[in-house]
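In this chain, numbering begins with 1 at the start of the sequence shown. We count ligands from 1, going down the list as the structure has it; atoms in each ligand are counted the same way.
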Amino acid sequence: MECSLKIIRTPQELQQTTQLLRREGKTIGFVPTMGFLHEGHLSLMRIARKKAHVLVASIFVNPTQFGPNEDLDAYPRDFKRDENLCCEEGVDILFYPTADTMYRTASSSWVDEEALSGVLCGAMRPGHFRGVCTVVAKLLNLVLPDFMVLGEKDAQQLRVLRRMVRDLNFPVEILSSSTVRESDGLAMSSRNSRLSSVERTEAVSLFQGLEKVKERFAAGERNAEVLKALIRETIEKTSGIIDYIEIIDNESLESFQTLETSALVALAVRFSDVRLIDNVVLES
Ligand code: PAF
């Protein structure tokens, strides 16, 4: 496909390019991804495309956010397809580095967010958010964006990165966009492609559980255990193994028994070695 997409492979070239763009007074919008793009990623790119002079996207399956027994090698990849999609969405610069150029030998500096990273996915995947924060901090230093757009499906990631940006004074605004779903309600994820056809059918139970919680909450139920049980019963009818189902304060991510003003309902479920997450926010 003919388009003006520029692919940059090294941190040095990216930083030189974006420094020049900033000097020319161009605004830069940034969408970080791990590739195998789907409508969810594309919706973030469309938001950034409308607002910025220059749209930068990155594709990097970041090894430091995967634990030793996780799916780093199995994570789906298809660069040609991703490149075409980036062309269609009007991406100007696609950063596609290798792990060697991103992490120099003996790289020994890390970014750790300590208040929000210890629960939910952080509790199940030790070191995960250290890897996410470190790579996003590096990407922000390379892309120098005015704003970055993130998906709300990764609810904890969004909150952790907002906190990191606030605490470390990164001069970037974070925008978020709601989860894009398949027609049956399953949240779009690159990992969905690794589900068997039976698991794909069962995976909609995450969405169904959340929908039941929304209904009961609207009918006045405020007991977190009662609401969590609704999700658990739905998942337990499938082959999915529950990593966690939590209903917690939407800002502090601390747990409570009786739902207060704004609650985050979040869950992670494994189908074979494919781990899916989803969430909903309940506002009283
Ligand atoms: O959400 C993701 O795809 C990744 O965690 C991110 C933000 C690109 C960092 O590697």
Asker: According to the side-chain hydrogen bond (donor to acceptor under 3.5 Å, both in side chains) rule, which pairs have a member within residues 94-107, sequence neighbours left out?
Answerer: Asn62-Tyr103, Thr64-Tyr103, Thr98-Thr101
Asker: Taking only heavy atoms of Pro32 into account, list the atoms of ligand 1 that are under 4.0 Å away from them.
Answerer: 8 (C)
Asker: Would you list the atom pairs, donor with acceptor, under 3.5 Å between side chains in residues 167-179 and any protein atom, with sequence neighbours excluded?
Answerer:
{"from": "Ser176", "atom 1": "OG", "to": "Glu152", "atom 2": "OE2", "distance (Å)": "2.6"}
{"from": "Thr179", "atom 1": "OG1", "to": "Lys153", "atom 2": "N", "distance (Å)": "3.3"}

Asker: Quick one: look at Leu161 and ligand 1, take heavy-atom pairs under 4.0 Å, and tell me if it's side chain, backbone, both or neither.
Answerer: neither
Asker: Pick out which of His128, Arg125, Gln65 makes a side-chain hydrogen bond (donor to acceptor under 3.5 Å, both in side chains) with Glu70.
Answerer: Arg125
Asker: Any N or O of Gln65 that comes nearer than 3.5 Å to an N or O of ligand 1?
Answerer: yes
Asker: Under 4.5 Å between any side-chain heavy atoms of Ser58 and Phe30, yes or no?
Answerer: yes
Asker: Return yes if a side-chain donor-acceptor contact under 3.5 Å exists between Ser255 and Glu246, otherwise no.
Answerer: no
Asker: Check ligand 1 against Thr33 and write out every atom of the ligand that is under 4.0 Å from a heavy-atom position of the residue.
Answerer: 8 (C)
Asker: Nearest to atom 3 (O) of ligand 1, what protein heavy atom do you find, and at what distance?
Answerer: Met34 CG, 3.5 Å
Asker: If the cut-off is 4.0 Å to any non-hydrogen atom of Val135, which atoms of ligand 1 fall inside it?
Answerer: 9 (C), 10 (O)
Asker: Please identify which of these residues, Glu221, Glu211, Glu233, meets the salt bridge (charged side-chain N to carboxylate O under 4.0 Å, His left out) condition with Arg216.
Answerer: Glu221
Asker: Which residue and non-hydrogen atom of the protein lie closest to atom 6 (C) of ligand 1, and at what distance in Å?
Answerer: Gln157 OE1, 4.3 Å
